[in-house]
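Encoded as structure tokens, the structure appears first; notes follow it.
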Amino acid sequence: MTTPALLPLSGRRIPPLNLGPPSFPHHRATLRLSEKFILLLILSAFITLCFGAFFFLPDSSKHKRFDLGLEDVLIPHVDASKGAKHPGVFLIHGPDEHRHREEEERLRNKIRADHEKALEEAKEKLKKSREEIRAEIQTEKNKVAQDMKTKEKKPLPPVSIPKLIGISGGDPEDTDIRKKREKIKEMMKYAWDNYRLYGWGHNELRPIAKKGHSTNIFGSSQMGATIVDALDTLYIMGLHDEFRDGQKWIEDNLDFSVNSEVSVFEVNIRFIGGLLAAYYLSEEEIFKIKAVQLAEKLLPAFNTPTGIPWAMVNLKSGVGRNWGWASAGSSILAEFGTLHMEFVHLSYLTGDPVYYKKVMHIRKLLQKMDRPNGLYPNYLNPRTGRWGQYHTSVGGLGDSFYEYLLKAWLMSDKTDHEARRMYDDAIEAIEKHLIKKSRGGLTFIGEWKNGHLEKKMGHLACFAGGMFALGADGSRDKAGHYLELGAEIARTCHESYDRTALKLGPESFKFDGAVEAVAVRQAEKYYILRPEVIETYWYLWRFTHDPRYRQWGWEATLAIEKYCRVSGGFSGVKDVYSSTPAHDDVQQSFFLAETLKYLYLLFSGDDLLPLDHWVFNTEAHPLPVLHLANTTLSGNPAVR
């Protein structure tokens, strides 16, 4: 989250320029209260009349439905039980025209009655004195504020937590491995203690300047991103005093009722994912409550013609928009496609199906669309439902969409067969069109742009080695093949580290002619404490126990310790090919959430967070598998 404005940040994405909404002077503040109230009444009556007039216009059914050609894009209605083709929805041009006319007449009568009532109330209001009007307004304000507080404190329905296995332990028997794990724990404590000292409450830390840091993905508020992102790592490592400090800050300070525009994707994977993981590990109710509060604030982002969410949403107003740099105002595949895990757990924990329905609608829409060469383009316009630029990547902009297809299947106790089919189909197309072998024998994943393959692989795409290994079991009779493919990707990404002066990998690297696994452009030579290569080492270690993955992980640990540790924490570096690199002065929240967690797990026993019981979201937050046998899932209408 440093250097250029379009620098890729955490997990899977490219962050944007900060194009905040314009501010306007408050010229109307000088109007007297009575004048404002009269204007409000006039405006209210005018809107009511206009809205009522709409229902008296001549019938013209061809204009009554916004139709993308998608059966599932439906219009909610007050009474879906009468004549509806789908339960819970109402199609405007349904088969029962007589019933439809009766319904329209009922609505007309209701609008007439509401209009007459509003006019009577306005007449009564105008008879009152200014002081009486002021008192009524203040009473209404107090009532709204009290209602909001009551809603926030409303307890969530009790739900049985899945049987949790392996939330602690993993102590290695080997003395050398145990020492290495302790060193990684010490690095975590150093990163946390410095954040606690110099950046507490800020989203991230500038460890050289020794002050707080933030980027536009978190908006303009101090939301303590590092605290939320690091909680489960602290818990897993047994740093319980630090965990309690973070919990106390969240209880006292984490507030989502702020006028701040945030990335839907980023706050979902870091905040909702982090809070849910902390809840499952500790069973502290506050984390579940905060996760649901934030999720409710994200729901307005889905108010688009297609149901594909905006990239950003204002937490206070609910207004959404997309990044200005995205193709033709499009939403991004890796962003709207990386919500499923967290939203399914939200529906499971609350009993509210709205979260599950939102992500399943996205899936259904994608299934209906044509895909060039079987590939998913990175851009989709949320207004038109059409693809933007034909650019496909397993790195930034696309990566975690494929990851979440696989993990939706795993998280469902391997019962979500639709997700598994989509994953298998996508991976077959990727292998056919994007995965190639270099002249030197290195397997890499290129990017499809405008009809041709760009022979460049990003650090973000290195997560795919772990994904292929994780998805090998359950593949279409190709388990051995995909495990080997994962190992080949791991070797390529290790080479990108090994061919630098610092033994840390660049942001992206080329495979052109004599240049292999090396960054060419200066703007691609930085390392910002990213986790994807170590993530792949860990998955390959779990599935093969090949000692090379621990060896490679330890090489990366020593390099981070030597070149990234500074006086106030850990910092990224600007050039991995320079033996005396400059630092970017940012300690990313994902360094604590992902990089150090994956390193710790790499040197732990397999009984710590076993993969048949836990699935990690794209920010490395572990969420439990929802086993039908030992949960209430099968009886929960939210996710049935």
Checking side-chain polar atoms at under 3.5 Å, does T338 have a donor or acceptor matched by the opposite partner on S400?
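Result is yes, a qualifying pair exists.
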
Under 3.5 Å, is there a donor-acceptor pair linking the side chains of H459 and Y527?
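The criterion, which ignores hydrogens and geometry beyond distance, is not satisfied for Y527 and H459.
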
Checking side chain to side chain contact (heavy atoms under 4.5 Å, CB included) between T618 and each of E403, M341, E342, which is the one that passes?
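When side chain to side chain contact (heavy atoms under 4.5 Å, CB included) is applied between T618 and each of E403, M341, E342, only E403 qualifies.
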
Could you check whether [X] pairs with [Y] (Lys NZ or Arg NE/NH1/NH2 to Asp/Glu carboxylate O, under 4.0 Å)?
X: E516; Y: K510; answer: no
X: E524; Y: K456; answer: yes
X: E555; Y: K503; answer: no
X: K248; Y: E242; answer: no
X: D585; Y: R206; answer: yes
X: D241; Y: R244; answer: yes
X: K597; Y: E594; answer: no

Hey, could you give me the [atom1]/[atom2] distance between [X] and [Y], rounded to the nearest 0.5 Å?
X: M457; Y: T443; atom1: CE; atom2: OG1; result: 9.5 Å
X: H345; Y: Y279; atom1: NE2; atom2: OH; result: 11.5 Å
X: I528; Y: D584; atom1: CD1; atom2: CG; result: 7.5 Å
X: S393; Y: L460; atom1: OG; atom2: CG; result: 8.0 Å
X: R550; Y: D176; atom1: CZ; atom2: CG; result: 10.0 Å

Checking the side chain of [X] only, and the main-chain atoms of [Y] only, is there a donor and an acceptor separated by less than 3.5 Å?
X: Y537; Y: W554; value: no
X: D174; Y: I177; value: yes
X: W448; Y: P377; value: no

Where do [X] and [Y] come nearest, in terms of heavy atoms and distance?
X: Y497; Y: A556; answer: CE2-CB, 4.4 Å
X: F265; Y: A334; answer: CE1-O, 3.4 Å
X: A593; Y: A620; answer: O-CB, 3.6 Å
X: F570; Y: P207; answer: O-CG, 3.5 Å
X: Y563; Y: A501; answer: OH-O, 4.4 Å
X: K437; Y: F444; answer: C-CE2, 4.1 Å

Qualifying residues under side-chain hydrogen bond (donor to acceptor under 3.5 Å, both in side chains), relative to D606, sequence neighbours excluded
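Checked D606 against side-chain hydrogen bond (donor to acceptor under 3.5 Å, both in side chains); matches are R542, H545.
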
Classify the ring geometry between [X] and [Y] as parallel (under 30°), tilted (30 to 60°) or perpendicular (over 60°).
X: W323; Y: W325; result: parallel
X: F243; Y: F287; result: perpendicular
X: Y598; Y: W538; result: tilted

Pair K183, E186 - check salt bridge (Lys or Arg N to Asp or Glu O under 4.0 Å), show working.
CA-CA 5 Å; K183 174 59 185 175; E186 183 276 328; 3.0 Å; yes

Could you walk me through whether I534 and T595 satisfy the side-chain contact (heavy atoms from CB on, under 4.5 Å) test, starting with their C-alpha distance in whole Å, then the side-chain angles of each, then the deciding distance to 0.1 Å, before giving a yes or no?
CA-CA 7 Å; I534 294 163; T595 310; 3.9 Å; yes

Looking at residues at least two apart in the chain, or sitting in another chain, which of them share a salt bridge (Lys or Arg N to Asp or Glu O under 4.0 Å) with E431?
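Per chain and number, E431 pairs via salt bridge (Lys or Arg N to Asp or Glu O under 4.0 Å) with no residue.
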
